[in-house]
Structures are given as structure tokens and as C-alpha cells.
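Below are the C-alpha cells for one structure; questions will follow.
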Amino acid sequence: MKRLDLVAKELSKRDLAYLVVSNIANVRYLSGFSGSTAWLLASREKTTLITDFRYKEQAEEEVYRGIEIKIDTKEPLGVVCDMAPGLKGKVGFEAGSLTYAAYEKLRSSAGGLTPAEGVVEELRKTKDANEIASISKAAAMADSVFGEIIGEIRGGLSEVDVAARIDFLLRKASSEVPAFKTIVASGAHASLPHATPTRRIIRGGDLVKMDYGAIWDGYCSDMTRTVVMGKASDKVKMVYGIVLEAQERAIAGIRPGAACREIDKIARDHIEAEGYGENFGHGLGHGVGLEIHEGPRLSKKSDEALKAGNVVTVEPGIYIPGWGGIRIEDMVVVTEDGCDVLTSAVKRLVEVGA
Ligand code: ZN
Ligand code: ZN
């Protein structure tokens, strides 16, 4: 199996005999198991999935051939601790996802416990055709929800009302759950990049920023659109135009080999040149897959270059305290010679409830 072969190769490279996989997204990626409780114990020769009775039937159905399934009444940590004295050589663990308490327990039974960061996460950055198909489907579901919600927003609704309606429409479109807590922020509240929806009533002239995503076959989508309630003011039109131009310029720069830092810079330079540099304080984008935020990151701190098969968001924003905020977010997949935009919801400034 290709993914496990790549893990085995990485284990050799890092001089590890085993890897304890406790991050559930990594478990799913390597084994196909979609339940919520399982660990993998992977060696260069053999991989065991450890879960409990609740998932027996599901594991037998889903887990890729060649992986041993171990059903136990104990939680996976306890099972690995029982197995640990028999393990020879260094045992890698996922330092980014194992709790300190679990680490302490594991350390008391496994000798040679070694942090092994990013073994699976690195593989997950490059999506295969099936993964891209699932992400595209999740993106299309979110697009269709946008088409519906812009016809429903009207004066008198609160942010919570709109968020609840988006979540309902996502579920109706067959999204397993929303990919993350849906953001709806209106008026001055929209200046918070990651606002939680409130009971604030949406009024004429308000910006309404909506950031949400769907999940299909475990894979997430992520999109943001900012609309205006009623007629857009000249300032709204102007700021929206700057954000959109920044986003389109950045997308035009995405291709294999492009430095993540440079793509971030394309958008940032444009926003800065227009005088809003201080109002764009977050990175330009992030990878999306089994988790809503994964690698690679489009950020000025990144040292990575893009590769074909990466799926990233491109989401510049301008946030002005007391006034509001505008963000436009699409997902793109890096292709052999550029990128394909996976989000197809309308991108011109939409006036709703008018
Ligand atoms: Zn988003
Ligand atoms: Zn995002």
C-alpha cells in the first residue's frame, strides 16, 4: 500500500522501528477508518489498527487490506502500553497530537519513545485524484448553499439565524456536519476575522461576512463570501474591489514551485499599496483536506514551495474596527502548470435583501 510504504520509508529515514499514530485524521488517511476512536501502531512491516467494540463492524468494512484490526475493551493508549514492552527499537509518537498525560503513560511502558512530528501530515499535503474529487464535491455543496442563502437574507434576521440556516442547508446538501463552526458576522462586528455569530440584527447597509464549509467523505471545504444588505456604499465597493483584486492576483501566481511566502506577498503588497496593509493581519491561506487547517500555509513565515496536488485557500481580507470587514476565500488545487479554482460561488459584490 502506497501510503503505508511511504510511512515505512520515513520510519527508516528517522531510524524509528514504530510510529504510534494518535491523530484521528492521520489514522483515517492511512487506514480508511472513519470512526472517532482509533490509533495505529505502524512498523516498517506491519500496521495494526486499535479500536473498540463500537467500531468492530465498521472497522472490518472500512480498513484497508493488510492492516490488522485489534478490538479491545481498553482505550487505544492502554492497548499500546500493553504491547509496548514487546516492541524493540525506537517508538515514534505524534508530538503534535498526543496529550502530555498520554505521553507520560506511554513513556512508563515504552522504552525509546521519540517525538516524530509531521510524518503523516507531510504526505497529506499532496492530494491524489480521489481526495481532490471529494474536496471538489464538498466545495460544490458549499457553493450551492451560498446560492440559496443570498436569496434568504433579509432585514430583521440575526447573525445566528443566518448561521443556523447555513448549517441546515449544508446538512440538507448531504454535508456530514459543517466543516467548522460557521462564521456569520455583520456590520461593525464583521471587523473580527473569526467572529462567532451573535443575536445582532442585520440592517440595511451592513456587510455580512459568511465563512463556512462542507464535508464529503471526510474531506472539508472552506469558503468565505461577504455580501451587503441593501445598497453598497462607495466605500464598501472600493474596499471589496481591493480585496478581490488581491485575491485574483494571488491566485494567478499559484503554480508548482511558487514559494508560499511569495503568494502571500502578492496579495499583501496590493492591499498595502492601497493603504490597508495594517488591516490585513492574518496569513493568506492554508491547506485543506481531512482537517480544515493543514499544510501547506500561504504565509510570510512559510519556507515551503507549492507542489501539484496541494489544495489551499486564498483568503485575503480587510478589517476596519468600527466599520466592518471584507474577506473573500476560494479553494484552489495546484495543477501541473498552475491551479484550478474549486470554489465557484459568485464573486462580484452581491447586494442581498434589496
Ligand atoms: Zn474559511
Ligand atoms: Zn480558511
Side-chain angles (χ1 to χ4, degrees), residues 25 121 124-125 127 131-132 134-146 149-150 159 162-163 166-167 169-170 173 175-186 189-197 207-216 219-227 240 243-244 246-248 250-251 254 260 263-264 267-268 271 280-302 304 306 310-319 324-334 339 341-347 350:
E121 284 84 348
R124 280 173 41 202
K125 286 179 186 171
K127 273 75 180 176
E131 295 180 285
I132 292 166
S134 293
I135 295 169
S136 303
K137 167 99 179 163
M141 285 152 70
D143 286 339
S144 77
V145 169
F146 185 71
I149 199 72
I150 53 175
E159 294 170 355
V162 175
I166 288 173
D167 289 353
L169 292 170
L170 283 169
S175 179
E176 292 160 27
V177 282
F180 53 92
K181 255 170 70 185
T182 295
I183 295 170
V184 176
S186 63
H189 190 216
S191 69
L192 278 66
H194 265 200
T196 300
L207 288 164
V208 184
K209 187 179 67 197
M210 294 171 279
D211 185 349
Y212 62 91
I215 300 186
W216 180 256
Y219 284 83
C220 302
S221 71
D222 188 5
M223 65 173 276
T224 306
R225 288 292 183 268
T226 307
V227 300
Y240 194 94
V243 176
L244 183 57
Q247 198 224 24
E248 287 180 339
I251 290 173
I254 293 180
C260 292
I263 304 302
D264 177 278
R268 204 165 298 282
I271 290 173
F280 174 31
H282 58 72
L284 181 66
H286 53 87
V288 183
L290 288 169
E291 290 179 293
I292 189 66
H293 293 125
E294 48 183 67
R297 308 259 164 181
L298 299 181
S299 134
K300 56 183 163 192
K301 289 178 242 153
S302 171
E304 281 185 85
L306 290 169
N310 289 155
V311 173
V312 291
T313 66
V314 184
E315 48 179 308
I318 292 178
Y319 311 95
I326 294 173
R327 176 166 69 248
I328 305 170
E329 174 180 28
D330 283 347
M331 277 196 312
V332 308
V333 54
V334 182
C339 73
V341 180
L342 301 177
T343 310
S344 60
V346 56
K347 233 163 30 167
V350 176

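Each ligand, and each atom within it, is numbered from 1 in the order the structure gives. What you are looking at is a predicted structure, and each value in this text was computed from that prediction instead of being measured.
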What are the protein N, O or S atoms, given as residue plus atom name, that sit under 2.8 Å from the Zn ion (ligand 2)?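 Listed by chain and number: Asp222 OD2, His286 NE2, Glu315 OE2, Glu329 OE2.
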Presence of salt bridge, Glu304 and Lys125, under 4.0 angstrom: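 Salt bridge between Lys125 and Glu304, a charged N being under 4.0 Å from a carboxylate O: yes.
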Starting from the C-alpha separation in whole Å, work towards a yes-or-no answer on salt bridge (charged side-chain N to carboxylate O under 4.0 Å, His left out) for Arg225 and Glu329. CA-CA 7 Å; Arg225 288 292 183 268; Glu329 174 180 28; over 6 Å; no
Tell me every residue that passes side-chain hydrogen bond (donor to acceptor under 3.5 Å, both in side chains) with Asp264, counting only those two or more places apart in sequence or in another chain.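 Expected list: Arg268.
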Do the side chain of Glu159 and the main chain of Ser186 share a donor and acceptor less than 3.5 angstrom apart?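 Yes.
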So, applying side chain to side chain donor-acceptor pair (under 3.5 Å) with Gln247, which one of Lys347, Glu315, Arg327 is it?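 Answer after filtering Lys347, Glu315, Arg327: Lys347.
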Less than 4.5 Å apart, any side-chain heavy atom of Tyr319 and any of His282?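 When only atoms from C-beta onward are counted, His282 and Tyr319 do touch, with a gap below 4.5 Å.
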